[in-house]
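To start, the structure itself, in structure tokens.
All values derive from a computational prediction rather than experimental measurement. The sequence lines fix the lettering, A, B, ..., with proteins before strands; numbering per chain opens at 1.
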Protein chains: 2
Amino acid sequence: MANVAKYNREDVIRKAMLLFWEKGFNGASTRDLQQAIDMRPGSIYAAFGSKEKIYSEALECYSKEMSNILNKHIAEQGSPLTGLEAFFRNVVIDRRDSNPSEVCMLVKTLSEVNEQHPDLLELARDLLKRAENRFAEILQQARAQGEILPASDTGILAKHLQVQMIGLRIYMKTSGNSQAVSELISSVFRAISIK
Amino acid sequence: MANVAKYNREDVIRKAMLLFWEKGFNGASTRDLQQAIDMRPGSIYAAFGSKEKIYSEALECYSKEMSNILNKHIAEQGSPLTGLEAFFRNVVIDRRDSNPSEVCMLVKTLSEVNEQHPDLLELARDLLKRAENRFAEILQQARAQGEILPASDTGILAKHLQVQMIGLRIYMKTSGNSQAVSELISSVFRAISIK
DNA sequence: TAGTTAATTGAGCGATTGTTCAATAATTTA
DNA sequence: TAAATTATTGAACAATCGCTCAATTAACTA
């Protein structure tokens, strides 16, 4: 049967994602949500079931969007490692004003949400783990292309990059010092790559 | 005039800190707070003025406690750099079960609080900046004692350590992999120190 | 077009939020 | 000890929370 709903589910989830990313799970009320996605409570709960369910779909939307941005940069740069560095610079520095929050939405979720919503915690953890795995894939390609040392442990390096991405975004929000952050990113990738 | 209040302000602030650290600013209700510090709303508001004010005192209590832990480890190890590494390991790994949250309370504040509470944002930023300055001090001592290269830029290294501390704590919460995190900490300090 | 089904509406539920304040208790001053 | 001052209490307020559901509108079928 065809989808006869007036609303476009993808659009709605994305708008919900932008709201939740900005205000957090507790900080965004269902009234805020109603306004952001232009739907009435009855429709929202018929379509999604609960605030928690919408939030979890928003989390997945966020991850997919970040993944797309990463892939775009790798394709544009034509190199795994250079693409990864461009992605770091883009996310941590360039998009800091246009994004709803400077902090990674998955990290915000891990910070804010407690055991009252175990599914959200588990999902955030899973999506972060998938991001780490994607980093590892890219590093393997970089190794195969001779961009990093043949003996590099891509699993450990991926964890290392995950730590940097998370820490740098928070540090960017703390300090507002984009030049210092840019230099920190340079040194991270200088330490990894073959000169 | 002597303090005739029944409650002990330091104890109360510390209990409030533990509650807020666990549940966050929005997640901890004033009813939760009343129970945690065993005071009635009238007394609380007479003593502190608002939820935001108690939270800001709790933030300062948190920072002071972390600072004490750091100083203790440096004194015990008898070396700035070794003390710093012991502090990292202690905070990120050892205390992860006994602490109310694995995530730094200042980071939780930066993540959760928005422009409705600008004083809290500013305070969290300021306290993080002070922690970075303390790292820089310690690194200068380490340089003076020949533990790191004479040419090391302690300002940049302090920013680097700040990024690691923040990222590692989140990564610890994400993965639960304390062995991997321990190795990451080792490599961070191996990269800094003179062999 | 008439009848059936599906989607949407929004008033409003009970619970909870941060906060106030008149009443009470405890302490200090005289 | 009596009076004055300070501290504490907890019921209750207005606002807001996540969410429900009977009523209404829109869409599809025959």
Side-chain angles (χ1 to χ4, degrees), chain A residues 1-13 15-17 19-59 108-109 112-121 123, chain B residues 1-13 15-17 19-59 108-109 112-121 123:
Chain A
M1 189 188 293
N3 176 18
V4 291
K6 279 183 179 173
Y7 67 88
N8 178 314
R9 194 172 176 101
E10 265 188 49
D11 283 0
V12 160
I13 289 291
K15 284 174 183 166
M17 180 271 278
L19 174 74
F20 280 129
W21 188 5
E22 183 192 343
K23 301 198 168 190
F25 181 76
N26 291 319
S29 72
T30 51
R31 265 82 176 176
D32 293 335
L33 184 66
Q34 289 162 34
Q35 197 186 8
I37 69 181
D38 191 30
M39 284 175 73
R40 264 39 64 196
S43 297
I44 296 176
Y45 280 82
F48 301 104
S50 69
K51 190 187 182 187
E52 180 175 341
K53 290 258 187 66
I54 316 176
Y55 191 90
S56 70
E57 293 206 38
L59 268 187
K108 284 188 85 160
T109 306
E112 184 187 7
V113 171
N114 57 25
E115 297 72 23
Q116 287 182 356
H117 302 279
D119 293 352
L120 292 184
L121 274 185
L123 179 58
Chain B
M1 192 187 293
N3 178 19
V4 293
K6 280 182 180 174
Y7 66 90
N8 179 314
R9 195 172 176 99
E10 265 187 51
D11 283 0
V12 161
I13 288 291
K15 284 173 183 166
M17 180 270 279
L19 174 74
F20 280 129
W21 187 6
E22 182 191 344
K23 301 197 167 190
F25 181 77
N26 291 318
S29 73
T30 52
R31 264 81 177 173
D32 293 334
L33 184 66
Q34 290 163 33
Q35 197 187 9
I37 69 180
D38 190 30
M39 285 175 73
R40 265 39 66 198
S43 297
I44 295 176
Y45 279 82
F48 302 105
S50 71
K51 190 186 183 187
E52 180 176 339
K53 290 256 187 68
I54 315 175
Y55 190 91
S56 69
E57 293 205 40
L59 269 187
K108 283 188 86 159
T109 306
E112 183 187 9
V113 171
N114 57 24
E115 296 72 22
Q116 286 181 357
H117 301 281
D119 293 353
L120 291 184
L121 273 185
L123 179 58

Exercise. What ring pair (Phe, Tyr, Trp, His ring centres under 6.0 Å) pairs are there with at least one residue in residues 27-47 of chain A, not counting sequence neighbours?
Worked result: none
Exercise. Could you state the CD1-P distance from I44(B) to dA7(D), rounded to the nearest angstrom?
Worked result: 16 Å
For nucleotides 15-22 of chain C, give me every protein contact, N/O to N/O, under 3.5 Å, one pair per line with atom names.
from, atom 1, to, atom 2, distance (Å)
dG18(C), OP1, K51(B), NZ, 2.4
dG18(C), OP2, T30(B), N, 2.6
dG18(C), OP2, T30(B), OG1, 2.9
dG18(C), N7, R31(B), NH1, 2.6
dG18(C), O6, R31(B), NH1, 3.4
dG18(C), O6, R31(B), NH2, 3.0
dT19(C), OP2, Y45(B), OH, 2.4
dT19(C), OP2, K51(B), N, 3.1
dT19(C), O5', Y45(B), OH, 3.3

Seminar exercise, completed: From CG of N8(B) across to P of dT8(D) the rounded distance in Å is 12 Å
Exercise. Atom CZ of R40(A) to atom P of dT20(D): distance rounded to whole Å?
Worked result: 18 Å
Exercise. Of all residues at least two apart in sequence or in a different chain, which pass the side chain to side chain contact (heavy atoms under 4.5 Å, CB included) check with K15(B)?
Worked result: I37(B)
Seminar exercise, completed: In whole angstroms, the gap separating C1' of dA15(D) from CD of Q116(B) amounts to 14 Å
Exercise. Tell me: CE of M39(B) to P of dT8(D), nearest whole Å?
Worked result: 6 Å
Exercise. Listed by chain and number, what are the side chain to side chain contact (heavy atoms under 4.5 Å, CB included) partners of D119(B), not counting sequence neighbours?
Worked result: E52(B)
Exercise. Which pairs with one or both residues in residues 28-37 of chain A pass salt bridge (charged side-chain N to carboxylate O under 4.0 Å, His left out), sequence neighbours excluded?
Worked result: K23(A)-D32(A)
Exercise. Of all heavy-atom pairs between A36(B) and L19(B), which one has the smallest distance, and what is that distance?
Worked result: CB-CD2, 4.1 Å
Problem set entry | Contacts of Y55(B) that satisfy ring pair (Phe, Tyr, Trp, His ring centres under 6.0 Å) - sequence neighbours left out | F20(B), F25(B)
